[in-house]
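Scope of the values below: all heavy atoms of this structure, side chains included, with no hydrogens, waters or symmetry mates. Treat the numbers as computed from the prediction; the structure is a model and nothing was measured.
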Amino acid sequence: MKKIFALPIALVFIACGSEPTQNEPTETTDTTTVVMDSIPTSILAGDTLAEATDTLQLPEGVEEYFSAAWVAKADAYLSAFHQINTTEDFKQVFALAEEVTSLGSTELEGIIEKMYGENIDDPSFVLDKELEFIKPHLAGIVFTFAAEGTIILMSMDYQQLSDKAALTEGDEDDKLMELLITAWGTVEYEGSNMGTWFVQTWDYGGSSGLGSGTHLKLFQLMEGMEDSPYRDEIAKIRDLLIGDMLEFNSYWESQEAILEELNKIINGFVWSAEMLEKLENRVTQFEAYEDHELELNCKEGNCGYG
């Protein structure tokens, strides 16, 4: 199935927080980080897909920074990326992208430490000073920041990959990319569990967005994808959503909105007897949320914010 997603991007530089921490108070809110995290990455992009260099290999000199293993994987990935025609092609590219970004992120930490030491406060200049020549060649891959901007990562550009999925004859890759973009936005954030179902209010946490409709939308997108070749990606999102509904204690929306969405989720899908019991117990807890030390309606400003 060929779908077109607007606003393609090439490179994004954005600070993202780490995994939400429950019940961790904060005296001040980093307004800049909150605002930046709320801006669509396509708007923050400095380049467009059309401006990216359409090359099948990395430029000369990259081996001075990255290992031969990473260079080989990246070259294989880029060659395959620019030749996607079938769903099988896309599956191979997606798997290679995961390997390239994972290994690349690990090696970036060592590269920066080797050149500038362990205690570098702002590694962003390393991209401009040392790695600028690589950036236009990394089709489908972007540099992102984590840990309050102190760590550089390689991440998958879901929008560019979605554009490639639209070129294949099947729809399993289109469904995957629609799910990933709906869950995470146009760029993945390595190590972060704060998806679009979560309202980030400070660097390390915030409130669940249950009640906004996002949880239900994501479960709807995952329906029928049990046999997808991308089941690991799907299972990760499903598990995070369930944990968010059952285990978190800070919720952005009102009690009425939360109960309405949670009941739609319970009644709209097939659950195991064990999971159904847990979900129904959670309804009871939300009905008497003060007795269970749950914070609701945090958008009114009366919560500890995760």
Quiz item: In terms of side-chain heavy atoms, does T168 have a donor or acceptor partner in D173 at a distance below 3.5 Å?
Solution: yes
Exercise. Taking W271 for its side chain and E277 for its backbone only, find out whether a donor-acceptor pair lies under 3.5 Å.
Key: no
Exercise. Might you work through the side-chain contact (heavy atoms from CB on, under 4.5 Å) test for H215 and I265, ending with a clear yes or no?
Key: CA-CA 8 Å; H215 291 68; I265 291 170; 3.8 Å; yes
Quiz item: Charged N to carboxylate O under 4.0 angstrom, E253 versus K299?
Solution: yes
Quiz item: Got a sec: does the CD of E60 have more than 12 other heavy atoms crowding it under 6.0 Å?
Solution: no
Practice problem: Would you mind reporting whether Q220 and L216 have side-chain heavy atoms less than 4.5 Å apart? | Solution: yes
Exercise. With the side chain counted from C-beta on, respond yes when Y77 and L58 share a heavy-atom pair under 4.5 Å apart, and no when they do not.
Key: no
Exercise. Walk me through it: do S207 and E295 pass the test side-chain hydrogen bond (donor to acceptor under 3.5 Å, both in side chains)?
Key: CA-CA 9 Å; S207 300; E295 297 179 328; 6.0 Å; no
Quiz item: Do F66 and L108 come within less than 4.5 Å of each other through their side chains, counting heavy atoms only?
Solution: yes
Self-check item: Side-chain donor-acceptor contact under 3.5 Å, Q83 with S79
Solution: yes
Quiz prompt | Check ion pair K236-E233 (N to O, under 4.0 angstrom) | solution = no
Quiz prompt | Of F286, F198, W197, the residue whose pairing with F248 passes ring-ring contact (aromatic ring centres under 6.0 Å, His included) | solution = F198
Quiz item: Do we get K164 above F81's six-membered ring, with its NZ or CZ under 6.0 Å from the centre and within 45° of the axis?
Solution: yes
Practice problem: Indicate whether any N or O donor in one side chain lies under 3.5 Å from an N or O acceptor in the other, for T86 and E169. | Solution: no
Quiz item: Between F133 and Y65, how do the two ring planes meet: parallel, tilted or perpendicular, split at 30° and 60°?
Solution: tilted
Self-check item: Polar side chain donor-acceptor pair, S155 to T144, under 3.5 angstrom
Solution: yes
Quiz item: Could you go step by step and tell me if T284 and N281 meet the side-chain hydrogen bond (donor to acceptor under 3.5 Å, both in side chains) rule?
Solution: CA-CA 5 Å; T284 301; N281 286 340; 5.2 Å; no
